[in-house]
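Notes follow the structure.
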Amino acid sequence: MRVLSFADAINEAIQLEMARDPRVLVTGEDVAGGATIPGFDRADAWGGVFGVTRGLVTEFGRDRVIDTPISESAFIGAAIGAATSGYRTVTELQFLDFMGVCLDQIINQAAKLHYARGSDSAGIPIVIRSMIGAGSRAGSTQSQSHYSTVAHFPGLKVVAPATPADAKGLMISAIRDQDPVFFLENKALYETRGPVPEGDYTVPIGRANVVREGRDVTVVTIARMLSVAEKAVAELAGRGIEAELIDLRTIAPLDLPTILESVGRTGRLVVVDEDTPRCSVASDIVGLVSSRAFDKLKAAPRMVTSPHTPVPFAPVLEDAFIPAANDVVQAVLATVGQEVAV
Amino acid sequence: MRVLSFADAINEAIQLEMARDPRVLVTGEDVAGGATIPGFDRADAWGGVFGVTRGLVTEFGRDRVIDTPISESAFIGAAIGAATSGYRTVTELQFLDFMGVCLDQIINQAAKLHYARGSDSAGIPIVIRSMIGAGSRAGSTQSQSHYSTVAHFPGLKVVAPATPADAKGLMISAIRDQDPVFFLENKALYETRGPVPEGDYTVPIGRANVVREGRDVTVVTIARMLSVAEKAVAELAGRGIEAELIDLRTIAPLDLPTILESVGRTGRLVVVDEDTPRCSVASDIVGLVSSRAFDKLKAAPRMVTSPHTPVPFAPVLEDAFIPAANDVVQAVLATVGQEVAV
Amino acid sequence: MNQTKVSEVSELPAGVPEATLVDLYRTMSLIRTFEERVHELFVEGELPGFLHLCSGQEATAAGVIAHLRTEDGITSTHRNHGHALAKGVSPAAMMIELYGRAGGTNAGKGGSMHLADQRVGHVASGGIVGAGAPLALGLAQAAKLAGTDGVAAVFFGDGAAQQGTVLESMNLAAVWKLPILFVCENNLFGQATTIGYSSAVAPAARAEGFGMASEEVDGQDVIAVYQAAGRAVERARAGEGPTYLELTTYSYHGAWEGEPKRAYRLPEVESDFRGRDPLRLLAAALAAVKQDWIDVKDEIEEEIEEQVESAIEAGRAAPYPDPATVTEGVYADPTVTIDRDGLTVH
Amino acid sequence: MNQTKVSEVSELPAGVPEATLVDLYRTMSLIRTFEERVHELFVEGELPGFLHLCSGQEATAAGVIAHLRTEDGITSTHRNHGHALAKGVSPAAMMIELYGRAGGTNAGKGGSMHLADQRVGHVASGGIVGAGAPLALGLAQAAKLAGTDGVAAVFFGDGAAQQGTVLESMNLAAVWKLPILFVCENNLFGQATTIGYSSAVAPAARAEGFGMASEEVDGQDVIAVYQAAGRAVERARAGEGPTYLELTTYSYHGAWEGEPKRAYRLPEVESDFRGRDPLRLLAAALAAVKQDWIDVKDEIEEEIEEQVESAIEAGRAAPYPDPATVTEGVYADPTVTIDRDGLTVH
Ligand SMILES: Cc1ncc(C[n+]2csc(CCOP(=O)(O)OP(=O)(O)O)c2C)c(N)n1
Ligand SMILES: Cc1ncc(C[n+]2csc(CCOP(=O)(O)OP(=O)(O)O)c2C)c(N)n1
Ligand SMILES: [Mg+2]
Ligand SMILES: [Mg+2]
């Protein structure tokens, strides 16, 4: 199959939906680039900091691919308002770290309007693209992955693809969804490449993906942590430990059944999450599995997360901050070891 | 001992600290009330929507008890800046529901400045007072308890007292603390009364309180949920089930040791949280206990929370939304029942 | 910028048809009657909720919204009853909602602060001060993209005028040249904070700094409001961009129902405004030019009385919502099947 | 409001001592040399990080900060090296931080975007556009409460000027009449978005709408900047409140180091600004009046060259931080004992 980068897969998904549905818009800081500069309606435009929306303004024009001032509350709120008029805006909150300047529009307007208006509306179909992930030496305010804070709010959907194929399929689903969808893109994945089907297909929101089957332990990962866990799983296989690997893909609504089904067979759980630990998706999943499948668990479920600190800048510190394959290996060995010890 | 309301206990704590330390300030919308209205420097001033800061402007004047425009980012950020100059501002984010308009100053500035500046500063000593809690028929944007979203961030401390005595002691600790402290006040508690020691005392931040000892099950509560759980515990005692009741008091940093010590004896855990379930403090505690004390658990740990919905307005709906004593009773019976079944 | 002077009494201006004035009176009278009855019902303990009434401010809702079509969307605030009624939301549906019953505007899930009815363009209101401004930008953007001459309006208070959300929305409206009205209802206070303390200048003074037209208008004088709003709406429909209207008015019932003390509201200020009550001002103007005004007025008020009483009856008669519906309708997507904890059910 | 006209070349104005001009040159030269070497080291792959350099914008930092005392606090942005150097942060400590080593300004925990040194009043910078404005309000409030004539300054860009956080901070500064300078470094772009698209008017035009004084100044002309800042600081120290300065300038290295394409930056615009390079303008002005300028200039540049090279040496020589320190210093309170997961340890 044809191979694309994660960034190009997202670009293709948006391009296809914009071509299919004239009510799909793209807004955000520099999503086109160079607005009002003579000649920059065209291919020279930026297409976002990492070029994910490059070329869209060329094909669809400035009316549908709209640069904005640095006013996230205003333009994300505008996307919500336009949604009540039937438009579907793919808007960009450049980094999830910036949510604090506009979160009200997301958690109190987008998330609640449908319910608080009596649940008889067509919903709030918007997609909020946002970058997550440490490792780019950007420091404490441009490296975070605090998606548990948005996953907390009823009314929002939150997806975090790990592969180019899922990125495309989830983006198409997100754009067609009737509800607000937070679409998280780990910076470190943009250049990763993988097979991506041509044309129009969807990956369902609310479904985790069993990437690898295994009998000994269930390892659940989010976004970039899939690749970290894959290294660990390969090493563990060498030691005769067969891990079942589940890429969560959707953070909210959570596909607990798929996790429970797996834990029902393996009896062991390790959740790998790049976020910090308190009130995280990792502790959420461990808590939910423990309360709903306690009798299935053969050993203490474990979480592998970043430490409870801001993201540090210095490479040696940041590398120590991000969960590594060896952390996953150790966690799995501990869950298995516990039983051996019993 | 002298009896005070929850609101008056907080007022007394702030008054004592302002009298003790001239660098303690109070800011927020109408924390005095009637700024620039002739004659309203005095006792007639509001002292906040529920009068919690009433009288402070009379004693300390407009320079230290400062009304603000409805500009939460600006005045909370100002409190942070003033903290770097040695002032200790008790600032009010009227309802936690409003955090979305100013969260950046809280999670990226207050929470991170100390660490990101190299951890050699005197910290960011501010207290952010904020109301939580449903039941006042205010609807989806003035009734929430989503403190897990702030507890998630390293660098912040989060406290939520349940009694007047703890409210006073925790407020004094919060004002003296070197770090930013989120001080959560459940509206429904303001008029509740209880014994409050005179004068100057502190309740340590980071310590849960074992309110009642019991051998059968550990019930952990947050803020107002203590009173809900107390009803349940009384009913359970009637059925011969002795619950150990722990009032969390501090949400971050979490006093897990006290919970683990209790679960070590009871083998059972029920967490009662007024917040919605996903990535909540309830699932966090259940997750942490399950991963760290798995072998001590005799039955599936449980959480009692509000449902995954915005807070509805209609009394019959809102009453169905808020966790009730019977929900706690049922959860405890289930944990006990499970073992009986074994 | 064009500054309409505060007129002590409004004589009938050319160009405003008498029938329009009568309609304006009808709208204001409906709002006044509705709010006064809600006040009584709350005081009597019959109505639940956290209520922010707009008695005294009727001219702002009536005068502005008179220029809007059903499909012209508005966003409003915690104090939205007047905007809702002027926009054509059913008083009965509103009252059923306020009673917390089933079958009202919001299925019991919104309440006073969150009243909305998309079908008549009352798109959203809510408890977050200033939050309506960005939403209204989207309504205006949609109208512009659709190529209609539709407009949008956001209502907000003098307190909200200081919120960054509103300020950056003003900038975006100017940059995108959107067909939108920023309607600042300056009732002198944000809770107990005077406008003089929350802003060093009149909020409308900011518009120019964003490249936006503005007018400061006497918000007690519905004719002046109607005329200023007319100019703003015309400008918007003609593609000339946004306008900021600052309407000075007063809330007879203070900040909210049950507000502990209102001592900060100086009696002399209040009596000034009550002396220039928007309904009385318009009634006086109409009496001066319209022979049969007294009869028409009585008729209107009788009608409205009946309408409001039957709305109250509807509220009392409506069934309570089924508690089970609390977990329904969190997501619009019909394919979502989740349990009480928000977990996917296969 | 007083509007300084853009002067084509700045002849020596009365009232600015020659020594001050030489100091301004020294500061700008330090910033330029530091940034150019950082650029080279980044291109060579020696320096890590997400770097936003300020070559071309030296006059804004130098001209404004020349009026500030050590205890006058500033807050800055992602593009803060110039402000840090002008405020007196040690180039070696900065370079050590940029190298990600131990012993620098932020113990390796901040990096380029978060440089700070409280001891010299460089209180905070960071990666959130506009976030420095509220913090600076607090610095000014503290100075005012302490009864000193201290002032604060917040630096921000033309893009940040559209952020609600900045706008509502302007209002609060005016309402509280704080001793603060809002310094808008208008370098024509926020990333690839032109100021002409992000704002319908010059950002400084907003100040008046909040009741704040303002000046628009040629940000290439350090003398003009120095004079305007002098007026603003004087006003602030005298208790006359805040001032908004909009300084038009240009970033030679674009938005950030490694920015993919700069085609959106029209060559003719760039060469205009390079033709009015702030160092060259000041050097020309000094050459015209100061006999020994050539020698003084050489001396200054030699000194600075050494200073920057030794800073680089310090960066290269400094030890790497101990990875274990990643979990240290999250809280300032010495009594907090938590584990890696943020849980209390008894
Ligand atoms: C973001 C936010 N901050 C604070 C509040 C609390 N609050 C509710 S109403 C109000 C006053 C609003 O004043 P104004 O905008 O003038 O409207 P008015 O009530 O006078 O009609 C405040 C501060 C809120 N609802 N939202
Ligand atoms: C709140 C927020 N939104 C968006 C960004 C992404 N971002 C980083 S720099 C930048 C451009 C800033 O432009 P300007 O304020 O003019 O400063 P300049 O880079 O031109 O010096 C943007 C949009 C951010 N850091 N913070
Ligand atoms: Mg008001
Ligand atoms: Mg710029």
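Letters A, B, ... mirror the listed sequences (proteins, then strands); counts begin at 1. Every value quoted in this text rests on a predicted model; they were computed, and no experiment measured them.
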Problem set entry | Portion of A:I66 that has a non-hydrogen atom of chain C nearer than 4.5 angstrom | side chain
Problem set entry | Side-chain heavy atoms of C:T344 within contact of A:L254, under 4.5 Å | no
Exercise. Between C:I128 and chain A, which part of the residue has a heavy atom less than 4.5 Å away: side chain, backbone, both or neither?
Worked result: side chain
Exercise. Is the backbone of C:D333 close enough, under 3.5 Å, to the side chain of A:D179 for a donor and an acceptor to pair up by distance?
Worked result: yes
Exercise. Measuring heavy-atom distances to chain A, does C:L145 have an atom under 4.5 Å in its side chain, in its backbone, in both, or in neither?
Worked result: both
Exercise. Given a strict heavy-atom distance threshold of 4.5 Å, which part of A:R176 is in contact with chain C: side chain, backbone, both, or neither?
Worked result: neither
For this session: Please assess A:Y115 against C:E328 for the test side chain to side chain contact (heavy atoms under 4.5 Å, CB included), listing each intermediate value before the final yes or no.
Result: CA-CA 8 Å; A:Y115 182 88; C:E328 293 171 8; over 6 Å; no
Exercise. Can you say whether A:I124 sits under 4.5 Å from chain C via the side chain, the backbone, both, or neither, judging by heavy atoms?
Worked result: neither
For this session: Examine whether an atom of A:R23 lies under 4.5 Å from a heavy atom of chain C, and if so say whether it belongs to the side chain, the backbone or both; otherwise answer neither.
Result: neither
For this session: Please round to the nearest 0.5 Å and tell me the distance separating atom CG of C:L135 and atom OG of A:S73.
Result: 10.5 Å
For this session: Output yes when a side-chain donor or acceptor of C:Q118 lies under 3.5 Å from a complementary backbone atom of A:S121, and no otherwise.
Result: no
Problem set entry | N/O donor-acceptor pair under 3.5 Å between A:S85 side chain and C:A142 backbone | no
Exercise. Checking heavy atoms, do the side chain of C:V166, its backbone, both or neither come under 4.5 Å from chain A?
Worked result: neither
For this session: Kindly check if the number of other-residue, nucleotide or ligand heavy atoms within 6.0 Å of OH (C:Y320) is above 12?
Result: no
For this session: Under 4.5 Å, counting heavy-atom pairs only, tell me which of C:D339, C:V336, C:V345 racks up the most with chain A.
Result: C:D339
Exercise. Taking A:G155, A:C102, A:G123, A:P253 one by one, which has the highest count of heavy-atom pairs under 4.5 Å against chain C?
Worked result: A:G155
Exercise. When only heavy atoms count and the cut-off is under 4.5 Å, which of residues 100-109 of chain C reach chain A?
Worked result: C:T105, C:N106, C:A107, C:K109
Exercise. What part of A:D63 lies closer than 4.5 angstrom to a heavy atom of chain C: side chain, backbone, both or neither?
Worked result: both
Problem set entry | Contacting moiety of C:A140, where chain A heavy atoms sit under 4.5 Å | neither
For this session: Please say whether more than 12 non-hydrogen atoms of neighbouring residues, nucleotides or ligands are located less than 6.0 Å from CZ in A:R20.
Result: yes
Exercise. Which value, rounded to the nearest 0.5 Å, describes the distance between A:I80 atom CD1 and C:T75 atom OG1?
Worked result: 11.5 Å
Exercise. Would you say the side chain of A:F75 lies within less than 4.5 Å of the side chain of C:E168, judging by non-hydrogen atoms?
Worked result: no
For this session: Please answer whether the main-chain N or O of C:A131 pairs with a side-chain N or O of A:Q105 as donor and acceptor at a distance below 3.5 Å.
Result: yes
Seminar exercise, completed: Okay, A:T258 and chain C: the region with an atom under 4.5 Å from a heavy atom over there is both
Problem set entry | Sub-4.5 Å side-chain heavy-atom contact between C:P134 and A:I76 | no
Problem set entry | Proximity breakdown for C:V154 and chain A, heavy-atom pairs closer than 4.5 Å | neither
Exercise. Do you know which two heavy atoms are closest between A:G81 and C:L139, and how far apart they sit?
Worked result: O-CD2, 3.4 Å
Exercise. If we only count heavy atoms from C-beta on, is the C:Y331 to A:D177 side-chain gap below 4.5 Å?
Worked result: no
Exercise. Tell me, side chain or backbone of A:A252 under 4.5 Å from chain C's heavy atoms, or both, or neither?
Worked result: neither
For this session: Run the numbers on A:R292 and C:L343 for side chain to side chain contact (heavy atoms under 4.5 Å, CB included), then give the verdict.
Result: CA-CA 12 Å; A:R292 295 190 177 209; C:L343 308 174; 3.4 Å; yes
Seminar exercise, completed: Ranked by heavy-atom pairs below 4.5 Å to chain C, first place among A:A116, A:P204, A:S119 goes to A:A116
Problem set entry | Nearest-0.5 Å distance that lies between atom CD1 in A:I70 and atom CG in C:N171 | 11.0 Å
Exercise. For C:D117, is it the side chain, the backbone, both or neither that has a heavy atom under 4.5 Å from a heavy atom of chain A?
Worked result: neither
Problem set entry | A:D104 side chain reached by C:T165 side chain, heavy atoms, under 4.5 Å | no
Exercise. Which pair of non-hydrogen atoms, one from A:H114 and one from C:V330, has the smallest distance, and what is that distance?
Worked result: CD2-O, 4.1 Å
Problem set entry | Contact leader toward chain C among A:A82, A:G118, A:A78, A:P154, where contacts are heavy-atom pairs under 4.5 Å | A:A78
Exercise. Is there a donor-acceptor contact under 3.5 Å from the side chain of A:R117 to the main chain of C:V123?
Worked result: yes
Exercise. Is it the side chain or the backbone of A:D67 that comes within 4.5 Å of chain C heavy atoms, both, or neither?
Worked result: backbone
Exercise. Does any non-hydrogen side-chain atom of A:R207 lie less than 4.5 Å from one of C:H346?
Worked result: yes
